[in-house]
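To start, the structure itself, in structure tokens.
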Amino acid sequence: MYEPNRLREPILDWYSENARDLPWRRTDATPWGVLVSEIMLQQTPVARVLPIWTMWMVRWPTPADLAAESSGEAVRHWGRLGYPRRALRLHGCAQAIVADHGGEVPSDYTTLRSLPGIGDYTAAAVASFAYGKSHAVLDTNVRRVLARAVSAEEFPPNATTSAERRIAEALIPPVGAARWAVAVMELGALVCTARAPRCADCPIKARCAWHLAGKPAYDGPARKGQTYEGTDRQCRGRLLAVLRQAHGAVPKAALDVVWHDSVQRERALDGLISDGLAEALDGDSYRLPV
DNA sequence: CAGTCGTGGGC
DNA sequence: TGCCCAAGACT
């Protein structure tokens with residue numbers, strides 16, 4: 001690859017002036033706070049995470065605090081963030097951290113990667129942002145920025161490729177890898193957005209391969225559009241919302257009224273139970289797991 | 001590896 | 001208005 005500093009320096013300078021003041025980025029944020037933020041932020045906008053993260057940090061300031069609660073309380077206080085299995089996985093993280101790591105969030109990538117709900121991105125992000133380690137942090141923002149700036153493509157491939165990882169690793173600075181990672185992410189989140197990128201405000205527009213090529217339209221395979229209305233996912237969401245609000249046993253009749261199709265409703269309820277998001281009680285009632 | 005898994009705001 | 005998609009992980 002060509003001289004990495006051609007991209008690094010303007011992006012780092014831009015970040016110095018434009019970084020958002022997010023609570024999990026402050027110097028008083030703990031590794032646990034960083035871990036919680038990263039899992040909450042998976043596929044979820046910052047604006048919706050902020051209030052939930054703040055409540056969690058007050059309620060469960062350490063992994064031990066969350067581990068001492070039932071998984072159902074984690075699900076309840078997940079609220080409407082979406083993908084509630086993340087709440088279970090975060091609870092599982094807390095339990096593993098207490099049981100196997102002395103109550104301290106692990107600092108190395110491989111150990112983080114072994115925790116529930118922590119994949120390649122989140123392990124790299126926590127190691128970088130909580131502990132200042134050097135990793136390629138490849139989230140959707142970074143992948144889009146690199147696709148455009150380096151590969152002259154409007155969008156990255158559907159799945160992360162080894163070529164992308166090679167490009168990202170070549171750009172990691174020898175010093176300040178974590179700041180570089182968050183700076184590229186921030187550029188992707190605020191300027192180099194998926195729709196209507198603000199190229200006029202971009203610090204590397206004169207060096208961006210995609211911009212220099214005249215911003216050619218995406219010509220790759222169609223990206224998966226997600227339908228929602230009428231799906232099992234919507235049904236699960238309705239059912240779980242009832243259980244979250246109930247604070248105790250919910251008679252089945254109270255679930256029946258929120259979804260008309262009984263076949264789909266039963267399938268969704270079974271799914272919630274097998275996922276550990278709900279429990280069946282004697283007497284045909286249900287609740288969040290204890 | 002393609003499918004599954006929530007939710008709500010912006011354009 | 002409907003469609004797109006927002007710091008992915010897991011199977």
Side-chain angles (χ1 to χ4, degrees), chain A residues 19-20 22-25 29 33-53 75 78-90 92-93 112-130 135-146 154-161 168 178 181-190 192-198 218 221-244 258-259 264 267-268 270-272 274-278:
Chain A
R20 289 170 291 180
L22 301 174
W24 45 84
R25 286 181 185 166
V34 172
L35 193 168
V36 171
S37 78
E38 288 302 335
I39 290 185
M40 287 184 172
L41 286 162
Q42 291 167 3
Q43 302 287 286
T44 309
V46 167
R48 209 177 321 153
V49 168
L50 278 168
I52 306 292
W53 182 88
V75 173
W78 196 252
R80 305 188 65 82
L81 260 192
Y83 293 143
R85 288 183 294 189
R86 291 182 294 166
L88 294 179
R89 292 172 182 154
L90 209 31
C93 280
L112 286 163
R113 184 67 179 76
S114 72
L115 296 174
I118 298 192
D120 289 333
Y121 162 74
T122 304
V126 173
S128 298
F129 304 148
H135 293 280
V137 179
L138 272 176
D139 78 321
T140 187
N141 290 306
V142 175
R143 295 183 60 219
R144 188 174 54 249
V145 170
L146 298 186
E154 185 178 16
F155 298 115
N158 279 328
T160 304
T161 64
V182 73
V184 188
M185 285 178 63
E186 193 77 334
L187 184 68
L190 299 182
C192 194
T193 52
R195 287 172 301 182
R198 302 167 53 192
Y218 179 71
R223 292 175 295 164
K224 51 183 186 290
Q226 28 183 332
T227 55
Y228 184 62
E229 195 65 27
T231 61
D232 285 10
R233 296 165 75 175
Q234 183 183 34
C235 182
R236 288 165 56 107
R238 293 257 187 97
L239 297 173
L240 196 58
V242 174
L243 298 182
R244 274 200 311 265
V258 301
W259 198 263
Q264 188 176 27
R267 182 172 66 234
D270 286 344
L272 289 174
S274 63
D275 285 347
L277 286 163

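Side chains are part of it too, since the values below use all heavy atoms of this structure and drop only hydrogens, waters and symmetry mates. The structure displayed is predicted, hence computed values, not measured ones. The chains referred to below are lettered A, B, ... by the order of the sequence lines, with proteins before strands, and numbering in each begins at 1.
- Here the side chains of A/L277 and A/L243 are not in contact, with every heavy-atom distance at 4.5 Å or above.
- Listed pair A/Y83 / C/dG8 fails the phosphate criterion, with no side-chain N or O lying under 4.0 Å from OP1 or OP2.
- Within the structure, every side-chain polar atom (N or O) of A/R48 is placed at least 4.0 Å from both OP1 and OP2 of C/dA6.
- Within 4.0 Å (heavy atoms only), A/T231 reaches no atom of the nucleic acid at all.
- Residue contacts for A/A194: at a heavy-atom cut-off of 4.0 Å it reaches the sugar-phosphate backbone alone, with no base atom in range.
- Note that CZ of A/R143 is 12.0 Å distant from CZ of A/F155, once rounded to the nearest 0.5 Å.
- C/dA7 atom C1' lies 9 Å from atom CH2 of A/W24, rounded to whole Å.
- Side chain of A/R86 to main chain of A/Q42: a donor-acceptor pair is present (N/O by atom type, distance under 3.5 Å, no hydrogens or angles).
- Residue-level contact check: A/G119 touches the backbone only, with heavy atoms under 4.0 Å from sugar-phosphate atoms and none from bases.
- No donor-acceptor distance shorter than 3.5 angstrom exists from the side chain of A/E38 to the backbone of A/V34, with no hydrogens or angles considered.
- The gap from the C1' atom of C/dT1 to that of B/dG8 amounts to 15 Å, rounded to the nearest Å.
- The residue A/R20 sits close to a base: some heavy atom pair falls under 4.0 Å.
- Across all strands, A/R233 comes closer than 4.0 Å to base atoms (heavy-atom distances).
- C/dC5 sits 15 Å from B/dC5 when the C1' atoms are compared, rounded to a whole Å.
- Taking atom CG on A/L50 and atom C1' on B/dT7, their separation rounds to 16 Å, with Å as the unit.
- Using a 4.0 Å heavy-atom criterion, one finds that A/W78 contacts no nucleic acid atom at all.
- When the C1' atom is used for both C/dA9 and B/dC1, the distance is 14 Å, rounded to whole Å.
- Here the CZ atom belonging to A/R198 is positioned 7.5 Å from the CG atom belonging to A/L190, to the nearest 0.5 angstrom.
- Within the structure, every side-chain polar atom (N or O) of A/Q42 is placed at least 4.0 Å from both OP1 and OP2 of C/dA7.
- Here the side chains of A/R25 and A/E186 are in contact, with some heavy-atom distance below 4.5 Å.
- Relative to the side chain of A/Y228, the nucleotides C/dC4, C/dA7, B/dT7 differ in distance, and B/dT7 lies closest.
- A/R143 comes within 4.0 angstrom of no nucleic acid atom, judged by non-hydrogen atoms across all strands.
- Atom CD of A/E154 is separated from atom C1' of C/dC5 by 14 Å (rounded to the nearest Å).
- Within the nucleic acid shown, A/L138 has no heavy atom closer than 4.0 Å to any nucleic acid atom.
- B/dG8 atom P lies 13 Å from atom CD of A/E229, rounded to whole Å.
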Going through the distances and angles, do A/N141 and A/V184 end up as a side-chain contact (heavy atoms from CB on, under 4.5 Å)? CA-CA 8 Å; A/N141 290 306; A/V184 188; over 6 Å; no
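- Checking the phosphate oxygens (OP1, OP2) of C/dA7, no side-chain nitrogen or oxygen of A/T44 falls inside 4.0 Å.
- Following rounding to the nearest Å, A/Q43 (CD) and B/dT4 (C1') show an atom-to-atom distance of 12 Å.
- Considering only heavy atoms from C-beta on, A/L50 comes within 4.5 Å of A/W24 through its side chain.
- As rounded to the nearest Å, B/dT7 and C/dT11 have C1' atoms that lie 23 Å from one another.
- Residue A/R85 places its side chain closer to B/dT4 than to any other of B/dT4, B/dT7, C/dA7.
- Distances shorter than 4.0 Å separate none of the side-chain N or O atoms of A/R86 from OP1 or OP2 on B/dC5.
- Heavy-atom distances to DNA chain C give each of A/D139 and A/L115 a nearest nucleotide, and the one nearer the 5′ end belongs to A/D139.
- Heavy atoms of A/I118 sit under 4.0 angstrom from primed sugar atoms or phosphate atoms, though from no base atom.
- Mapped onto DNA chain B by nearest heavy atom, A/A196 and A/R80 fall at different nucleotides, with A/R80 at the one closer to the 5' end.
- At the heavy-atom level, A/D120 lies under 4.0 Å from the strands shown only through sugar-phosphate atoms.
- C/dA6 and B/dG6 are spaced 12 Å apart, taking the C1' atom of each and rounding to whole Å.
- In this structure, A/L277 places its CG atom 18 Å from P of B/dT4, rounding to the nearest Å.
- For the pair A/F155 CZ and C/dC5 C1', the interatomic distance rounds to 10 Å; values are reported in whole Å.
- A close approach under 4.0 Å does occur between a side-chain nitrogen or oxygen of A/R144 and OP1 or OP2 of C/dA6.
- With rounding to whole Å, A/L41 atom CG is found 15 Å from B/dG6 atom C1'.
- Across all strands, A/R89 comes closer than 4.0 Å only to sugar-phosphate atoms, never to a base (heavy-atom distances).
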